[in-house]
Amino acid sequence: MAFYTGRSGSLSFGTTDSTAPSSSLSAPTNVREVAKIRDWSLDTTVELISTNSIDSGVNTFTPGIKGATGSATLIYYRLEGAEASTKFSFVDLLNNSIMKTGNITEADRLFFELNTGGGASDDIKFWGYITSAGVAVSTGELSTVPIQFTMDGDFVEVLS
């Protein structure tokens, strides 16, 4: 029996391939791990549609729309040397999504790859948007970049 800790988890991003249709569900080829992350979480929900009639004695439902939202805390850092070609900098991530000049468009959609730490079979992959980002600086603490995100479409891959 294997157990995983947050220490072995990871968060990776890829950017939209401008040649692929916006509805493409495949993973981009430019997926890179975020260099420094403290945590991530994902919440998946399904809306339930009531099927009650006026003479119902109990609630009954049918599944409706499924969706997912999540959050992560990135650590504020600067990549040095060879790291820049193998890791995703939070500065690049934010500059290519929510913290940029101009409007947010479909071209700012990101590919998310969340890993619990057990290898490729423990990935959760989907397209989505960063919906919130900030920078938190506290005396005696690491500076952090908390982000929130929302899935766009369905999962590309889930835990297997």
Side-chain angles (χ1 to χ4, degrees), residues 2-54 56 58-76 87-136 144-160:
F3 294 96
Y4 304 109
T5 68
R7 186 176 187 157
S8 56
S10 65
L11 173 64
S12 301
F13 290 100
T15 55
T16 303
D17 178 358
S18 61
T19 63
S22 62
S23 61
S24 172
L25 290 181
S26 61
T29 57
N30 63 353
V31 176
R32 293 179 289 158
E33 187 177 329
V34 173
K36 302 292 178 191
I37 179 168
R38 185 166 64 192
D39 56 53
W40 65 259
S41 66
L42 181 70
D43 297 311
T44 306
T45 58
V46 63
E47 296 175 11
L48 295 177
I49 301 167
S50 174
T51 57
N52 296 341
S53 62
I54 197 145
S56 295
V58 295
N59 284 326
T60 57
F61 300 93
T62 190
I65 304 294
K66 175 179 70 174
T69 60
S71 64
T73 306
L74 313 179
I75 298 174
Y76 194 104
K87 300 285 186 177
F88 213 125
S89 163
F90 83 91
V91 174
D92 293 337
L93 175 66
L94 296 180
N95 286 342
N96 288 319
S97 61
I98 194 168
M99 285 187 173
K100 68 173 201 168
T101 58
N103 294 334
I104 304 299
T105 67
E106 286 183 6
D108 298 311
R109 185 171 71 150
L110 295 168
F111 186 76
F112 291 75
E113 190 173 295
L114 309 174
N115 185 278
T116 60
S121 63
D122 293 314
D123 284 341
I124 303 169
K125 299 178 182 180
F126 57 91
W127 288 95
Y129 293 94
I130 293 178
T131 56
S132 173
V135 177
T144 59
V145 182
I147 63 170
Q148 294 182 341
F149 47 87
T150 299
M151 183 171 73
D152 179 29
D154 201 358
F155 291 104
V156 173
E157 184 178 311
V158 292
L159 304 168
S160 57

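- Rounding to the nearest 0.5 Å places OH of Y129 at 5.0 Å from CD of E106.
- A donor and an acceptor atom, one from each side chain of T60 and T51, are located under 3.5 Å apart.
- Of the N and O atoms on the side chains of N115 and D123, at least one donor lies less than 3.5 Å from an acceptor on the other residue.
- Considering only residues two or more places apart in sequence or on other chains, F112 meets the ring-ring contact (aromatic ring centres under 6.0 Å, His included) condition with F13, F126, F149.
- Summarising the geometry, atom OG1 belonging to T44 is positioned 7.5 Å from atom NZ belonging to K66; distances are rounded to the nearest 0.5 Å.
- Annotation: side chain of K87 is not in contact with side chain of R32 (no heavy-atom distance under 4.5 Å).
- Using a distance-only test at 3.5 Å, with no hydrogens or angles considered, no donor-acceptor pair links the side chain of T144 to the main chain of P146.
- Residues V58 and N52 share a closest heavy-atom pair of O-OD1, 3.4 Å.
- Neither side chain, T69 nor T150, offers a donor N or O lying under 3.5 Å from an acceptor on the other.
- To the nearest 0.5 Å, the span separating CG on L74 from CH2 on W40 amounts to 13.5 Å.
- Between atom CH2 of residue W127 and atom CG of residue L110 there is a gap of 8.0 Å, rounded to the nearest 0.5 Å.
- Heavy atoms only, all atoms of each residue included: T73 and I37 are closest at O-CG1, 3.4 Å.
- When all heavy atoms of V31 and S12 are compared, the pair lying nearest together is CG1-CB, 3.7 Å.
- Looking at heavy atoms from C-beta onward, V135 lies in side-chain contact with Y76 at the 4.5 angstrom threshold.
- When every heavy atom of K125 is checked against every heavy atom of E113, the shortest pair comes out as CE-OE1, 3.3 Å.
- Partners of D108 by side chain to side chain contact (heavy atoms under 4.5 Å, CB included), not counting sequence neighbours, listed by chain and number: K100, I104, T105.
- Within the 4.5 Å cutoff, no side-chain heavy atoms of T62 are placed close to those of L48.
- Closest heavy-atom contact between I98 and A133: CG2-CB, 3.7 Å.
- Summarising the geometry, atom CD belonging to E157 is positioned 10.0 Å from atom CG belonging to D122; distances are rounded to the nearest 0.5 Å.
- To the nearest 0.5 Å, atoms CG (L42) and OG (S71) are separated by 9.0 Å.
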